[in-house]
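Ligands are counted one by one from 1 in listed order, and the atoms in each one are counted from 1 as well.
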Amino acid sequence: MPSHLAIIMDGNGRWAQQRRRPRVIGHRAGARAVNRTIDFCLERGIAALTLFAFSSENWGRPQQEVDALMKLFLGALDREVDELHRRAVRVRFIGERSRFGAGILHRMQRAEQLTRDNRTLTLSIAASYGGRQDIAHAARSLAEDVAAGRLLPEQIDEQALASRMALADLPAPDLFIRTGGDTRISNFLLWQLAYTELWFTEVLWPEFDAHVLQQALDDYAQRERRFGLTSAQIAALAAENASQ
Ligand code: FPP
C-alpha cells in the first residue's frame, strides 16, 4: 500500500466536451472526483495525498476558464474545509500563492491554520505550482543563506536542497497517477518523483473512482521498488527487516 499518492487530474475539459457541455462542467465533475479520492484515502489509511489542481502554466488558459476555476476553488474551500477538519484531514497548499486573489488567499490560510494539527490524512493541493519553480525557489533560498554567511557552499547537498522544496516534511510520493491518457509529468513534482512509481490511465478525471484507484494500487503492489539497487539486495533487505 502506498503511503503517499500524487495525482495529475487530467481530462475534465474533454469529459465535458464529449457531453457537449462547457469545460467548467467538467471541472465541477472533477471536484466530485476529488471528494471520492479523499474518501478512499481515508478509508484505506493512505497518509498523504497530493493533487495537482492548477499549474503555474494554467494561468495562460482563456480568462473565462481561469475565472471559472477560481470560483470553483473558492466554493470548494467554503464548502469542504470544515468537513475535512471534522475528519481530521490536514490541508495545505503548495505553489506560488501570491498570484491568487485576496478571497482565495484568505481561505487558503484559514484552511491551513484550522487543520494544521490534524493527522489522519495530509492533503496537499498544488495550486499555481510548477516543479521547476519549486527547484528554483529552493536554490534561491540556499543562495540567500550562503550570501548571508549562514551556510557554506560545500554544505549544499541533496538533503539541503530537499529540505527547501515543497512537501519537505513528507516522505516522497510512492505512487503517481495521471488520468486522461497523456504519459507526461508536466512540471509536477520533478524533484520529489525521482523514485516514484508512475501509473497512467485513459480514464478521464471526472470518471475516476474507487475501482480505478484500486487498479492502480493492484498494479503498484506488483512492482519491485529497487531505488537503484539490485533485486537480490532488495530481497536481502526485506528478509533482514522481517527478522527484526
Ligand atoms: C485538468 O483537466 C484539470 C484542471 C486544470 C483543473 C483541476 C481542477 C479540478 C479537478 C477541480 C477541483 C479541484 C479542487 C482541488 C477543488 P483539463 O482541463 O486539462 O482537461 P483536458 O485535458 O481534457 O482539457
(request) Kindly write out the residues that satisfy side-chain contact (heavy atoms from CB on, under 4.5 Å) with R184, not counting sequence neighbours, or none if the list is empty. (result)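 R184: side-chain contact (heavy atoms from CB on, under 4.5 Å) contacts with R178, D182, S186.
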(message) Between E202 and R14, does any NZ, NE, NH1 or NH2 come within less than 4.0 Å of an OD or OE carboxylate oxygen?
(response)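 Not counted as a salt bridge, because no side-chain N and carboxylate O are separated by less than 4.0 Å.
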(message) Salt bridge check, R164 against E144: does any charged N sit closer than 4.0 Å to a carboxylate O?
(response)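 So E144 does not pair with R164 through a salt bridge.
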For [atom], what is the closest protein heavy atom, and at what distance to 0.1 Å?
{"atom": "atom 6 (C) of ligand 1", "result": "A53 O, 3.3 Å"}
{"atom": "atom 11 (C) of ligand 1", "result": "H27 O, 3.6 Å"}
{"atom": "atom 14 (C) of ligand 1", "result": "F73 CE2, 4.1 Å"}
{"atom": "atom 17 (P) of ligand 1", "result": "D10 OD1, 3.6 Å"}
{"atom": "atom 10 (C) of ligand 1", "result": "N12 ND2, 3.5 Å"}

(request) Please work out whether the ring planes of F176 and F188 are parallel, tilted or perpendicular, with thresholds of 30° and 60°. (result)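 F176 and F188: tilted rings.
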(message) Between ligand 1 and G180, can you find any atom pair, the residue atom being a heavy atom, that is separated by under 4.0 Å?
(response)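 Per 4.0 Å heavy-atom rule, G180 does not contact ligand 1.
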(message) Which option wins on minimum heavy-atom distance to atom 24 (O) of ligand 1: Q18, E65, R23?
(response)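 Shortest heavy-atom distance from atom 24 (O) of ligand 1: R23.
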(request) Determine, considering heavy atoms only, which of M9, R61, R14 sits nearest to atom 18 (O) of ligand 1. (result)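 Selected option, by shortest heavy-atom distance: R61.
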(message) With a 4.5 Å cut-off on side-chain heavy atoms, are E57 and N187 touching?
(response)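 Touching, per the 4.5 Å side-chain cut-off.
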(request) Determine whether the side chain, the backbone, both or neither of W205 has a heavy atom under 4.0 Å from any heavy atom of ligand 1. (result)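 Side chain only; the backbone of W205 stays clear of ligand 1.
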Within-cut-off N or O pair, [X] and ligand 1, under 3.5 Å:
{"X": "A76", "answer": "no"}
{"X": "N58", "answer": "no"}
{"X": "G11", "answer": "yes"}

(message) Looking at Q155 and L152, would you say the former's side chain and the latter's main chain have a donor-acceptor pair under 3.5 Å?
(response)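 Here the side-chain-to-backbone pair exists.
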(message) I need the atoms of ligand 1 closer than 4.0 Å to a non-hydrogen atom of L72, numbered in the order shown.
(response)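 Near L72, meaning under 4.0 Å from one of its heavy atoms, ligand 1 has 11 (C).
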(message) Determine whether R44 and Q214 satisfy the following criterion, side-chain hydrogen bond (donor to acceptor under 3.5 Å, both in side chains), listing intermediate values before the conclusion.
(response) CA-CA 11 Å; R44 307 298 281 276; Q214 190 57 52; 2.9 Å; yes
(request) Assess the side chains of E224 and S231: does a donor N or O sit below 3.5 Å from an acceptor N or O? (result)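 Yes, because at least one side-chain N or O of E224 sits under 3.5 Å from a partner of the opposite role on S231.
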With a cut-off of 3.5 Å and sequence neighbours excluded, list every side-chain donor-acceptor pair involving residues 232-244.
residue : atom : partner : partner atom : Å
Q233    : OE1  : T230    : N            : 2.8
Q233    : OE1  : T230    : OG1          : 3.3
S243    : OG   : E240    : O            : 2.8

